[in-house]
Each structure stands twice: as C-alpha cells, then as structure tokens.
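Quick note: residue numbers are just sequence positions, from 1. Note: hydrogens, waters and symmetry copies are ignored here, and every other heavy atom, side chains too, is used.
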Amino acid sequence: MILYAAADLLWASKIKGTADALGVAARPVRTFEMLDARLAEGGVRALVVDLDKGDDALALIRRVREDAREHVRTIRVLAWGPHVAKDLLQQARDAGADDVLTRGTFDHSMDDILLRLAGRAH
C-alpha cells in the first residue's frame with residue numbers, strides 16, 4: 001500500500017485515480033493520527049508527500065524516519081514540490097526523504113513512480 005499526503009483535493013484525486021487505474025492500493029493520510037493508524041495496519045510500502053503541505057509535510061517525513069519499528073524503517077518516502085522551492089526540496093532530503101522530485105517530474109511520471117513504489121515496476 002502507498003500512503004499519500006496531498007496539500008489539496010486536486011492532487012489527492014490525481015494520485016488516488018492513478019493508483020486505482022494501476023491497481024495499486026493507495027490511502028490518504030491527512031493527520032499524524034491517520035499516519036500512525038495506517039502504519040499500525042502494516043503493509044505500507046511508501047509514503048508520498050506533497051511539500052505544499054508546509055511544516056506538516058516535513059513532520060510526516062520525520063515521523064516515518066524516526067519510527068523504530070522494522071516494518072516502518074523500510075518504507076520509501078517520496079516528496080515533491082515546486083521546482084523554485086529549492087530550500088524546501090533540500091529540507092525534505094534533510095528530513096529523510098528517499099526521493100525528492102519537482103512537481104512537474106512527479107506529475108509526468110506518476111504512473112511509473114507509483115508502480116515502482118508499489119514494487120511493481122515494469
């Protein structure tokens with residue numbers, strides 16, 4: 001399963017719609033409580049975070065990276081944001097994101113990215 005934290009309904013719908021079309025399980029996380037509940041369920045392969053969520057985006061990344069549970073430490077974290085926000089992109093790297101992409105790169109490659117994160121790359 002892929003978890004996603006989007007800053008707005010447009011991105012949330014796009015991620016969910018793309019995942020559904022690919023047959024990839026994807027569920028939203030809008031709060032730390034939702035993240036914790038989804039992580040407790042297990043089976044999470046990745047967290048995809050929209051850096052337009054501001055401080056919450058970085059906090060979600062840190063929350064996953066600081067979790068000591070074995071099944072959480074293996075989760076891939078991908079963050080995306082505006083190409084002009086170089087400092088924010090670097091902050092995501094510093095917080096522990098495995099992959100940091102510009103919004104355009106994420107948008108144009110979403111199918112391949114979601115398949116890869118789900119372990120079904122072709």
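With a 4.5 Å cut-off on side-chain heavy atoms, Leu47 and Tyr4 do not count as touching. Between Leu35 and Val64, the closest side-chain pair of non-hydrogen atoms falls below 4.5 Å. Residues Val24 and Thr18 have side chains not in contact (no heavy-atom distance under 4.5 Å, counting atoms from C-beta outward). The closest side-chain heavy-atom distance from Lys14 to Asp107 is below 4.5 Å. Leu3 is not listed as a side-chain neighbour of Val49, based on a closest heavy-atom distance of 4.5 Å or more. A heavy-atom distance below 4.5 Å is not found between the side chains of Val48 and Met110.
There is a path of hydrophobic side-chain contacts, each under 4.5 Å, that joins Met1 to Val77. No continuous path of hydrophobic side-chain contacts links Val44 to Ile15 [ILVMFWY only; heavy atoms under 4.5 Å].
To the nearest 0.5 Å, atom CG of residue Asp111 and atom CZ of residue Arg116 are 13.0 Å apart. Taking CZ of Arg30 as the reference point, atom NZ of Lys53 lies at 9.0 Å (rounded to 0.5 Å). Annotation: the span from Asp56 atom CG to Leu51 atom CG amounts to 12.0 Å, rounded to 0.5 Å. Remark: Leu22 CG to Ile113 CD1 distance equals 11.5 Å, nearest 0.5 Å.
Scanning for ring pair (Phe, Tyr, Trp, His ring centres under 6.0 Å) contacts around Phe106 gives Trp11, Trp80, with sequence neighbours left out.
For Glu41, the CD atom is densely surrounded, since the number of other residues' heavy atoms within 6.0 Å is greater than 12.
Nearest heavy-atom pair, Lys86 versus His83, reported as atom, atom and distance to 0.1 Å: NZ-O, 3.6 Å. Considering every non-hydrogen atom in both Ile61 and Ala79, the closest pair reads CD1-CB, 4.0 Å. In this structure, Leu39 and Ile75 approach most closely via the heavy-atom pair CD2-CD1, 3.4 Å. Minimum interatomic distance between Ala118 and Ile2 (heavy atoms only, all atoms of both residues): N-CD1, 4.0 Å. Across Leu117 and Ala46, no two heavy atoms sit closer than the pair CB-CB, 3.8 Å. Minimum heavy-atom separation, Leu89 to Gly81: CD2-N, 3.9 Å.
Looking only at distances, no side-chain donor or acceptor of Arg103 sits under 3.5 Å from a matching main-chain atom of Asp50. Judged purely by atom type and a 3.5 angstrom limit, Ser109 has no side-chain atom pairing as donor or acceptor with the backbone of Asp112.
For Asp20 and Lys16, the salt-bridge test passes: some basic side-chain N is under 4.0 Å from an acidic carboxylate O. With salt bridges taken as basic N to acidic carboxylate O contacts below 4.0 Å, one links Asp98 and Arg65.
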